[in-house]
Structures are given as C-alpha cells and as structure tokens.
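Whatever order the structure lists ligands and atoms in, that order sets their numbers, starting from 1.
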Amino acid sequence: MRIDIITVLPELLESPLGHSIIRRAQKKGLVEIYLHQLRDYTTDKHRTTDDYAFGPDAGMVLKVEPIFKVIEKLKGERTYDEVIYTSPDGEPYTQGLANQLSTMQNIILLCGHYKGVDHRVREHLVTREISIGDYVLSGGELAAAVIVDSVVRLVPGVLTDETSALTDSFQDGLLAPPVYTRPAEFNGWKVPEILISGNFKEIEKWQLEQSIERTRRLRPNLLGE
Ligand code: ADE
C-alpha cells in the first residue's frame, strides 16, 4: 500500500510516522508513505499556499493552484483509489472505514489548514472527506496521523500476530474485553480466576460476556440502544 500525504507542515507528521509499527511496516516494504510539502508546488517568490477568504469572514484559505499541481503530478504517476481530505465536516471516521482503506493500493491524504481549502478542491479533486471527531484541530495533520496509524496496522503482515487486529475493539462492533498480565496477584488485586483456569472455551465465553457488558455500559450506541 502507498500513502501520499500533502501538507504545509510535514514536520508534524515525521515523528508519528517514523516510529513503532508504522516504521516497521515501511521497513518491511509493506507500506510506503510519502510526505509532500505543499509549498514546493507554489510558483511565487514567497511560496504562498494560502490567501484571504473571499467575503466578509476573517481567515486564511489554502489556495487551489498548488494543491491541483501536486495532486495532478501524483495522479500522472499512478492511479489512486481515493483522494481524502481531512476536515471536521467530513464523514465520521470508524473502524469500518479503516478496514476499507487498508484494502486499497494507493491513497492521497490532503491535510486541511487554517479555515480550510478553496472549495473547488473539494468539488473537483477530492473523492472522500473524513473527520476524526466532532472537535476542531488546528490542522488536518493529526487527523491524517490517526488515519494512517489505524490503517497501516490492518495491512496484512504488519502486525506480528495477525489475530491481534481481529480482536481489537470495534472489529466485531463491540469494545474489547479487559486484558491482564503477570503477576496474577499484585497488592491484593487479583486477575479474574477464569483467565488462569486454562479452560479456553470458558475464557472465550467470559470475554464475550465482558465485551457485551462493557459495550452496553460504555457505548450503548454501538448496540443500537
Ligand atoms: N481538521 C480539523 N479538525 C479535524 C477533525 N476533527 N477531523 C479531521 N480533520 C480535521
């Protein structure tokens, strides 16, 4: 899978994309991630990527020309499954959408900034708009990092124990059950007896009950309640 990220702040993404699982996925050749500095696609002396919004409202807007230039260049080199714009008014991001994106070959992530992008970008260049939650970030970079992290871990071969992605919260529409490790007792706090029983059938039954109970209590909306 290849992910191209277009941003005015590539520095913000270097660290989250350069460590842990995402770094390993790139080293193993399972995922390629490229950061594109939008300023490199400007033509004026000041490398201007934004300008004042038309109309009475204050605020800067990312200009259409450099975005058009970088997207056209990338599209000339390969076919993209989606050109995604990160924005608080996009489609709500879910595990289901992460699963869908993880099956794609090539995607572009365009990070919004300031008041957003010239709307013609959204009308003519973007194929999908994603919000990571009902709150406003200073820019789309952190949203892009969230999307990349959640997608890359689902690409086959990225996680060492593949089943661990399947047992994540939300994969079956439920929150994950609680997990414990050694010691079985600490400070008088005990691990549930069932988990050290060695009876895997009973453990699975307990885990499902816990998942349902936690989902009903913490996120009843996931059960349609
Ligand atoms: N940019 C600013 N806020 C955002 C959000 N909540 N989701 C995606 N992109 C954003």
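Clustering of Ile, Leu, Val, Met, Phe, Trp and Tyr by side-chain heavy atoms under 4.5 Å joins L174 with L208, I212, L223.
Under the salt bridge (Lys or Arg N to Asp or Glu O under 4.0 Å) criterion, D4 pairs with R2, not counting sequence neighbours. Qualifying salt bridge (Lys or Arg N to Asp or Glu O under 4.0 Å) partners for R219, counting only residues two or more places apart in sequence or in other chains: none.
In this structure, H36 and Y41 approach most closely via the heavy-atom pair ND1-OH, 4.2 Å.
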Name each N or O atom in ligand 1 that is under 3.5 Å from a protein N or O, and give the partner atom and the distance.
unit_1: ligand 1; atom_1: 3 (N); unit_2: L137; atom_2: N; d: 3.0
unit_1: ligand 1; atom_1: 6 (N); unit_2: G133; atom_2: O; d: 3.0
unit_1: ligand 1; atom_1: 6 (N); unit_2: Y135; atom_2: O; d: 2.8
unit_1: ligand 1; atom_1: 7 (N); unit_2: I132; atom_2: N; d: 3.0
unit_1: ligand 1; atom_1: 9 (N); unit_2: S87; atom_2: N; d: 3.1

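N106 and E82 share no side-chain donor-acceptor pair at under 3.5 Å.
A salt bridge is defined here as a Lys NZ or Arg NE, NH1 or NH2 lying under 4.0 Å from an Asp or Glu carboxylate O, and R217 with E213 meets this definition.
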